[in-house]
Every structure is written in C-alpha cells, then in structure tokens.
Amino acid sequence: MSLLLTLFQDTSEAAAVLEQVNGDMGMLWMLIAGILVFLMQAGFTLVESGMTRSKNAVNIAMKNLLDICVGSLTFWLVGYSLMYGDTSNGWFFWSGLFQGEGADLFFQTMFAATAATIVSGAIAGRTKYTTYIVFSIVMTAIIYPISGGWQWQGEGWLTELGFIDFAGSSIVHSVGGWAALVAAFMVGPRIGKFVDGKVLPIPGHNQVLATLGVFILWFGWFGFNGGSQLAWGGADATGASNVVLVTNLAAAAGGLGALITTWIWYGKPNLAQTLNGSLAGLVSITAGCGNMTPEGGVLAGLIGGIIVVFSIEFIEKKLKIDDAIGAASVHGVAGAWGTLVIGLWGVDGDTGIGLFNGGGASQLGAQAIGVLAYAVWAVVLSFIVFGILKATMGLRVSKEVEIEGLDISEHGSIAYPGKRVREYDEDK
Amino acid sequence: MSLLLTLFQDTSEAAAVLEQVNGDMGMLWMLIAGILVFLMQAGFTLVESGMTRSKNAVNIAMKNLLDICVGSLTFWLVGYSLMYGDTSNGWFFWSGLFQGEGADLFFQTMFAATAATIVSGAIAGRTKYTTYIVFSIVMTAIIYPISGGWQWQGEGWLTELGFIDFAGSSIVHSVGGWAALVAAFMVGPRIGKFVDGKVLPIPGHNQVLATLGVFILWFGWFGFNGGSQLAWGGADATGASNVVLVTNLAAAAGGLGALITTWIWYGKPNLAQTLNGSLAGLVSITAGCGNMTPEGGVLAGLIGGIIVVFSIEFIEKKLKIDDAIGAASVHGVAGAWGTLVIGLWGVDGDTGIGLFNGGGASQLGAQAIGVLAYAVWAVVLSFIVFGILKATMGLRVSKEVEIEGLDISEHGSIAYPGKRVREYDEDK
Amino acid sequence: MSLLLTLFQDTSEAAAVLEQVNGDMGMLWMLIAGILVFLMQAGFTLVESGMTRSKNAVNIAMKNLLDICVGSLTFWLVGYSLMYGDTSNGWFFWSGLFQGEGADLFFQTMFAATAATIVSGAIAGRTKYTTYIVFSIVMTAIIYPISGGWQWQGEGWLTELGFIDFAGSSIVHSVGGWAALVAAFMVGPRIGKFVDGKVLPIPGHNQVLATLGVFILWFGWFGFNGGSQLAWGGADATGASNVVLVTNLAAAAGGLGALITTWIWYGKPNLAQTLNGSLAGLVSITAGCGNMTPEGGVLAGLIGGIIVVFSIEFIEKKLKIDDAIGAASVHGVAGAWGTLVIGLWGVDGDTGIGLFNGGGASQLGAQAIGVLAYAVWAVVLSFIVFGILKATMGLRVSKEVEIEGLDISEHGSIAYPGKRVREYDEDK
C-alpha cells in the first residue's frame, strides 16, 4: 500500500480512492470479526455448562447472557471512554460518557464481555446470582477497560514501555483468568470437591456440548485475533491473514500438546483436557499472533497446551482452589505464558525481538512487567470487589440450594425439565 | 463517497474504480450477511425444540428443514418476482418466473425462510406435517413476498406513504408472528395446556439448547439487520456498522428488560423469558436499526423486552391461545412495537422524525398504517389458508398421536432413542 | 473488471489501485470462507455423534479434534507442498517443507481436515484410537494432497485433461467417502449390526444435535464452495455469489429429494435421511457449483438426495458393510454423481458443456476419468494403509470394550457423566 501511495503522490485521486477503500475494507473486516467474537459467548456457555452439573445449567446460561447484556451497555456507557479516552498520564483515560461508535465500539464491546464471562465458569455451582451481576458490571465497566487502556489506547504506559499484547492474552484473558482465580478462592469450593483431604472429581454433564463450545470458541477466536489487526488492505490484509493462520496452528498444537500429555500422564488421551489444551493454545497465541512465525506459534501453543494440564492439577491439588472449569489455568496461566513468549522468540517483521532469536532481553523484560501489572491489577481489584460483596450481600448460596442446584432457587426452572418428572415422561 | 465522486467528476477512471469496488464490497457484505441469516434456521430449530417437549423434537427439526428447503425453491421460482418485480399500482409485483440472482436473491431467500419458520414453533406438538408443508409453501411463495414488495420493492404503496421498515420488524417478523397467532388459534391448544379453566405450563425439554439457539439467532441477526443496508462503502459502511451496533445494544437491553421484569413480576430472573426478551429486543430494532440513535435503540429494545413478558401472559391467559414458544409475542407484538417506535423517536440522519423528538406525528401515522396493513394481511391470509386446510386435510393429529408425540407417528423415529428404556434420571 | 482495465491502459494508477484492491478483497473473502469451513469440523462432530450411540461420543469428539489438530500441522508441514508445489509430470508435486502462507494456506488446510474427518463417522464405535491417528496423519499429509494436486495445482494431469472439480466433490468428498467405505469394510461391522442374516438398526442418540450439525455443515459449505472461487472483485464477485446461491438451491433440493423419497419408500418422511439428503445435495453441487445454472444445480442436488437414500440401503443390505453414518454414500457416491453431472448438463458461462445441453461427450469423459482416478487412488491407498495397520497394531477394540463403549477404555471418561448412576444405560 505504501508503495502505491508513493506512486500516487502526484495523482491524488487514485490515492484518495485507495485510502477510502482501505478504510471501508478495514471496517468490514472489523465488523465481521466482531460478529465472530460475539458467538464466543455461546461457546463459553456451552463449555461452562457442559463441564459442570446439569443442575446449574440454567444459572450458567443466565450468567453468560448477563455478561453480554450488561457488557454491551456498560462498555458503551463508560467502558470505551475509560479505555480509549484522552489521557495525561498513560494510566487513566476518559473522554466523557457514550464514546465510541460503529464497528470499532462493537468490536471492542465483545472483548469486554469476554473478559467478564471467563470468571463465570470458575465459580459455577455455588455463587449467588446477585453477586455475579455486581461483579459483571464492575468488570466490564471498570476493571477491564482501565487496564486495557494501558496498552491499547496507544499512549498508555505499557505501550510506551514497548509491551506487546496484540489481541489480549494479558489484557483480556489473564485479567479474566486471575479474577476467576480470586473469585474461586473467595467463594470457596463446591461441596464435595475437597473431602477428607482428597480432591474429588465433579464431572461435567455433557462433553458433546463442551466440545461444540470449544469449536465455536476456536471459530470466534479467528475474529478475536484477526480482527485485532483493526484494518484491512495491503500489509494489513496479509498481516491479518497470517494472524488467523498462526492462531489456528497454535490451537492445533495446544490441543495435541494436552492430548499427548494426558496420554502420558494419565494413561489415556482425555477429552476435557484436550479441549482445554486447544483453548490454552489459542490463549497462548493471542498476545503474539502479530509477532510470531508459524513455527513460533506452534511452539507457543504446544507448550501452552502442556502447561494447562499441570496448572489445572496444581491449582486444584496444591492451592486447593476449586476452579470448576479450569478458567484460571486456561486464561490466566496460558495468558501469562502467551504474553511472555513474545520476549522469548517473538519477531517484528523479519527481525527477532525475543531472547532466543537475537533480540536480547529487553522485550522479555517489557513483557514480564506487563504480565505482572495485569496480574496485580486483576488480583487486587477482584479481592476488593469480592471482599466488599462478601461483607455485604454474601457470595454463596446456602448449602441446601447448592445441593439441589442453583437453577431452582435462583431462577425457578431447570435446564432439562423432562428429567425431573420421569414418572410421566415425554418418552413414553 | 459522494464527496470523492464530486472530486472525481473530471477524473472518470478513479471514479469508475471506486464505483466498481463499492459494488463489489457491497456484494461481499450481502453474501456474508445472507450466510449469517441462513444460520438463523439452526437457531430457530434449537429454540423451538428446546422450549417444547422432546417427543416432538424430530417434527420440529423436520419443519425447520422444510422451511429452508421449500423456501429456497419457491422464493427463487416465484417469490422474488412477486416481491421485487415490476408494478403498475404499488400493490402487486411480477416480472416472470425465476427472477433474482446471485447474492441478492440468496440474501432475500433467507428472509422468506425466516418468515415461514416463525410459525413452526407456535403450533408445535399437535399439527399435522402435511398441513405445515402446505402452509410453508404458501407463506414463502405468496404471503410474505407480496406484502414485502409494498415496502422493499421501492415503488410500493407503503414506500410512497413514507413508511419505514429497514430490515423487517413488520415485513418479516410481524407477518410471521400474526400468522403464528392465527395458526395457534386455528389448530387449538395442546392437550393439557388448558385444564379446568387453569393454564398449565408445558415446560420445554432443553433450556441449554434454547440458549444456544438464541445466541445463534442473535449472531445471525447481525447479518439480517446489517445486510439490509444492501451495500458497503463510504456512508454505507458506517451505516451498516451502526446498524449492527444498535442491533446489539437493543438485544442487550431487551434481555435485561425481560430479566428484570420477571424478577419483579415472578420473584426470580427467568431464563426462558430472558431469552425471549433478547429476541424481542432484536425484533424491536429490526425496523428502526437504520433510523435510531444508540440511545433510542436501547430504549426500543428495553421496552420490547418488557412488553414480551406481558404479551406472552396475555395471549396465554386472556386470549387462551396456546402459542407453544411465544412466537406471536416475540415476533408479532415486538415487531409492531419496533415498527411504531420509529414514529416515536426515530431519526433520519441528524433530524428527528418521531413524535417525541421534533418530527411531528406524520411518521408515526405512516408507521401505524404499515403495522396495521401487515397485521390485516397476515391475519386474513392465514385464516384463509388454515381455514381451507382445516376443511380439507385437517390441521391436527389424533389425540393418541399427540400424547405419544408426533415424532413416532409422523416421522417414524424419536429424537433421543436411548431414553426409551430409562427408569430414573441422571440428575439424582 | 477487464473492461475497466482496458479503459485504464493509459492510466496505470487507477488500474494499479483496482488490482491491489481486488487482491485484498479476494484475500478477505478467502479468509472468511476458510473460517466458515473450519466450523464444519463442529458440524461433522455433531452429525457423527448424534447419529451414533452415546457410549462412543467422547471418542468421536476426540477423532474430530484430532483431524483439525493433526491436519493443520501436517498440511502446513508437507501437505500444501505435495498439493501445490512444482511439478514436472503433473502427477506429483513438491517445493520443500513449510510451503504456503496466509489466507491461502489457511483455506486449503481446512479442506484437508475435512477429507480426513469424513472417515471418522463411518468407522465409529469399534475402531482403535491409535489406528485412527495414523490414518488421519496419512490422509492429511499424503492421500489427500497428492491427488488434490492433479486438479488444483493448475498443471496436474486432470487439469490438462479438462476435468472440472470446482470445490472438491471428488477431490475432497469422494476421496474421503471411498476411504470411509474401505475403512468400514476393513474394520468390520459393529456387534449387533448384522445378526442371523438380518440388518439391524443401531439408532443414533441425539437427532437434535445431528440436525444442528447439518445446519452448521450447510453454513460452512457456503465458504467451502464460495471460497473456492479463490478471488473477489468484478466477475469473481458475481461468480462466487452465484456459487453460493446454487449451493443453497442444491442443498434444498437434496433435502426435499430425500424427504420425499423416504416418504414414498418407507411411508414416512424420515429426519436422518432428510439430513443426509441435504448433505448429499451439497456434495452433489460441490464440483459443479461454478459450472451449473440454478436449474441445473437444483436437479443435481435433487437427484443426489434421492440417490443417497438407496445408496445407504445398498451398502448396508447388499454389500453388508457397516458404514455407521452413511459417509460413503453421502460423500463418496454423491461426490461421484456431483462430478459426473458436469458432463451431463454443466455450463461454461453461456455455453453448454454437458452431454444433454449441446456440449458433446468429451466433458463427460473427462469427468468419468477423474471420478475413476480419485476412486482408485482412495481405495488402493486406504487398503494399503488399513492393511498395514491391521497386520501391525490391529484395527478393532476388543468385544468387551465395544459393548461397554469406547469412551471409557479409550479415553477414560463418558460424554454424559450423570448417566453413570443409571441401572442400565440406553445402549443395552
């Protein structure tokens, strides 16, 4: 494109046409990408629902619906402004209410909703719906946008530092993942998870739906990462295409990494972990998809898929935190890894910027600072929010409600009504 | 774009390139939008199936498959011509068989199939499959295209009147919704719905699938509304982007509206109604998505989500009509509301055209006439079609078939073959 | 476009802009089309899972995940080069490891994964996971790419012959379908399928998910066929749009063809066969979607939908081969039909190239040679691979494992864990 523009320096009409069209194509790509990201809400619902008990499936659907409903409104009301507004110090941004418009606001809104929804699964099965509502509002209106601006506003302190997070391994996924970890810790484990010092499995109720959910997330992720190019035309077209390609390779490698790891570690190739591995592969490439060769992306995803298996075990068995679907590992740990890996073997065009490909340690340092900054921010803010909620309205439902399932007491209906009344069932 | 074209008045090459490219981008957007709308058929199948009994799930799948199969053929054969053909009076259109082509015909076909499929859910659980086939053919070949031409052909009488229905709140959804109401009335209620003067609930069998269905519908609706810009490039690019943005905001507001309403009204935030609320929010913005500020869209969707809760109660408890999934409320009532709201606070660019934002009452009058015209048309035609069907082949299956479920007698198989031998359930 | 380029022969700036933009739009369309094709993996998972027993659903999910994970890596590593590399003889292609990039590699990768996944369903319920892994690698790395190059590399021997397979009725679907037939024959039937000379039905466990799967496949197929235009802009824009339109018409006709056929043949309109009919309609238009009028596409799809019903019966009852989901009929037989039909009533622009529309027999001859070549290639290679596997690691799980379901012994978990507490499962 730049070549063409140079060629046209004296032919302003053709150059103006190209500029106009590139802008229009960029808007088309962002809009379609945002539509793809929207469907990730369905993917999260299926993964979270499929990996937990059916007695809480209505509650999970209601939380995911809430995230997109609340997130769409809060991010439009204040979030966009807190993330992309004017700044004087690179830490805090604001330009008034109701900023943002069109394809850009739409695309960014979907990211805010994603950050919130990551927390939903971790605390499934025992958390009050009212509590979740408050957290969802705070997440999409305050926690996510403020720290997101540090990098994506363009003049934030992490941008100045040289930190790279192309599509949000840290900004979206780690922030969501660490919040999920704090939330799971604060809410406490589900009844029956830790008994007499043993960690008991609480299997999900529908692995087919969980699989469908992962495919839908993977599908939406092409918009999540590819759309983060924020443009189309010339170098942006090949750039976004490469982003999508390397995203797919990393997801594939992540799935295989987990599949093989579980085969060696547990003796059998495990579905739930392979699903988590693919998601971890996706999270692991989200920061670096614009700064990674295909080979580098495969390696990043593969390691992400391996890490996630052990991270889930560690959080469950060592930290004794009941993260019901492994959200902290998939989004938090893999998100941190995906951010750091740019400092290990990331590239900037043809130039290596990572420690292992001739780029020195400075990029790795910037990445580490970013990882730490987002972790501290998410952990501290989540502790404050859940702490206040615990002291005021309470975090958990009663033991009776938890055992019966949240669907009945919190929402007055069950996910599979036919099953309860088997005496006179539909199938007779 | 117009600025550029002016600039190029003496530079025809660049102007010709821009015109060519804008046409190509518009075709790309319409094609992709049509593909998104296609997936709405899957969304309808899941919503209708999830919200009704499993013993009729095969029948519902067969009806939705029929709609897209029949609709694709009839709309290509005669529908497109009846909707977009030549006209001498603005009421009736025709240009011969097999009109329409490419992305345009594809996009419009998906709308015809949607109009038909709305009826499917309302009459679930007791309607003969043969009856439905005839209705589906008449709907996609005659009822929908003729009245659709009044507005979308460009020289129809409603267009001349100043009526606005950007993407079909009335043309698609109300026509489908009113037909659904008539159909549900003519077919009569399911056994066990109204017993001894009481209205009994007949819960659906899978709320997780219903939730997935709503997410898929929401996803497809971005194509439904955004694609109705029918173009891309310059003002059309920003226009279509704003359409998608306001569509999402209205859906979010509709979901929240229903969530809060059920919380207040029934004591608990209800999933099925929140799902209906989001759909109602989408229907409520479908007419006005090109003539609404984001604030106006949020308000339109919010009210739509509130209305739908009471409308479902009203139709069930007062009219005693058994609309199995609330289709008449979601599509008919919210569709009428979404059409009228343009006359209340719609805009045309920066100019208010609604009663409450300085536009006077004339737009509201045009909207009201359109709402009424589509209601009368759909109700009268549906009465005629279902009346003839009732007098000839009959509308309902036998009592025995209904109790056993339509799947076995109408289609010779059941949706979940394994369930036949169960004694007790997984949730205990 | 060519007109414009002529107009601009002296105005290189505008012509260069148009060329640049057309390239960028083509890349955008291919990328989005590839993303759509990706989701077909979810569709295959649902169809295969829904049409077989729940005790093997985890295994099916693991096989489909494997296909996309392995296929993405192998096709990037060697497959692309074996398909699109340099050639000296038109039969074998190679340009070194790690060829292909960006949107093109991404799009082509999805086709390779599709070819592999077709086999998965046919051999469901009794095949060792390790065996499947080896086959999946060989399919995506060797079998599919080598023969694909014969036509799509551009200088292959089938291209030279005048053979037409626009989007892969033979190259993808027949190759997958014939491999599935050989695989099902080599692995042998499921226990309980053929008993005392009778063919017993083994019904699937979830026809709603199977229906969702078909809608998702249909949705993805618009990318599969439309994206095979490999370009956008001018004639390519209208070309790709027509491809999508005729694809939809053929799918609709195929669904209706099977629906009506089962109604006449079995007495009731059958869901599973209608689903297969739509898929067969899609397969039947995949080769000819760029060389078929809408009328011709409808007829091709309709016949494909009729053929598939009898083909499934023939393979089951006459050949006594247990193809668990009818993959050989849907992809193999309909794929052959879809390839041949171009020689019967295909068109090239406004010129008939088929036997029945004035084109003579030469095109039909070329199509027949191609059909035969892909059949021989797929059958022979599959016999070799499965023969070696049978002689070494074995193809089948033990009788005990098969009866219990593969999920527990092969993967250590079940799809619907809640069902574990049942006295007896649906599968016994």
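The sequence lines fix the lettering, A, B, ..., with proteins before strands; numbering per chain opens at 1. Predicted, not measured: the structure shown is a model, and the values here were computed from it.
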Atom of [X], atom of [Y] and distance for their closest heavy-atom approach:
| X | Y | answer |
| --- | --- | --- |
| Ala252(C) | Ser72(B) | CB-CB, 3.7 Å |
| Gln41(B) | Phe215(C) | CB-CE2, 3.7 Å |
| Ala240(C) | Leu31(B) | O-CD2, 4.4 Å |
| Ala14(B) | Ala14(C) | N-CB, 4.4 Å |
| Met27(B) | Trp232(C) | C-CZ2, 3.6 Å |
| Leu212(C) | Ala42(B) | CD1-CB, 4.0 Å |

Problem set entry | Greatest number of heavy atom pairs closer than 4.5 Å to chain B - which of Gly204(C), Gly239(C), Gly255(C) |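 Answer, by heavy-atom pair count under 4.5 Å with chain B: Gly204(C).
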Problem set entry | Top of Ile216(C), Leu249(C), Asn270(C), Asn242(C) for chain B proximity - count of heavy-atom pairs under 4.5 angstrom | Leu249(C)
For this session: Look at the rings of Phe106(B) and Phe222(C) and say which category their plane angle falls in: under 30° parallel, 30 to 60° tilted, over 60° perpendicular.
Result: perpendicular
For this session: Indicate the ring-plane relationship of Phe38(B) and Trp218(C), choosing parallel, tilted or perpendicular according to the 30° and 60° boundaries.
Result: tilted
So how far is it from [X] [atom1] to [Y] [atom2], rounded to the nearest 0.5 Å?
| X | Y | atom1 | atom2 | value |
| --- | --- | --- | --- | --- |
| Asp236(C) | Asp24(B) | CG | CG | 9.0 Å |
| Lys268(C) | Ile408(B) | NZ | CD1 | 8.5 Å |
| Asn248(C) | Thr109(B) | CG | OG1 | 7.0 Å |

Exercise. Are any side-chain N or O atoms of Trp29(C) and backbone N or O atoms of Leu28(B), one a donor and one an acceptor, separated by less than 3.5 Å?
Worked result: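 The answer is no, because no donor-acceptor pair under 3.5 Å joins these two groups.
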Between [Y] and [X], is there a side-chain heavy-atom distance shorter than 4.5 Å?
| X | Y | answer |
| --- | --- | --- |
| Pro269(C) | Tyr129(B) | yes |
| Leu65(B) | Leu271(C) | yes |
| Leu259(C) | Met62(B) | yes |

For this session: Begin with the C-alpha distance, continue with both residues' side-chain angles, and end with the deciding distance and a verdict on side-chain contact (heavy atoms from CB on, under 4.5 Å) for Leu18(C) and Val21(B).
Result: CA-CA 8 Å; Leu18(C) 187 63; Val21(B) 170; 3.7 Å; yes
Problem set entry | Atom CD of Glu101(B) with >12 non-hydrogen neighbours under 6.0 angstrom |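 Open.
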For this session: Tell me, yes or no, whether the heavy-atom count around Trp263(C) atom CH2, taken from other residues, nucleotides or ligands under 6.0 Å, exceeds 12.
Result: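 Check passes, neighbour count above 12.
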For this session: Before giving the answer on side-chain contact (heavy atoms from CB on, under 4.5 Å), spell out for Thr211(C) and Leu46(B) the whole-Å C-alpha distance, their side-chain angles and the decisive distance to 0.1 Å.
Result: CA-CA 9 Å; Thr211(C) 304; Leu46(B) 294 175; over 6 Å; no
Taking side chain as everything from C-beta outward and backbone as N, CA, C, O, which of these in [X] sits under 4.5 Å from a heavy atom of chain C? Side chain, backbone, both or neither.
| X | value |
| --- | --- |
| Met25(B) | both |
| Met110(B) | side chain |
| Ile133(B) | side chain |

Exercise. Given Leu209(B) and Leu209(C), is the side-chain contact (heavy atoms from CB on, under 4.5 Å) satisfied, shown in steps?
Worked result: CA-CA 9 Å; Leu209(B) 288 186; Leu209(C) 288 186; 4.2 Å; yes
Chain B heavy atoms under 4.5 Å from [X]: which part of the residue, side chain, backbone, both or neither?
| X | value |
| --- | --- |
| Thr262(C) | neither |
| Thr238(C) | both |
| Leu256(C) | both |

For this session: Specify which of Asp407(B), Asn64(B), Ile68(B) makes the most heavy-atom pairs with chain C at under 4.5 Å.
Result: Ile68(B)
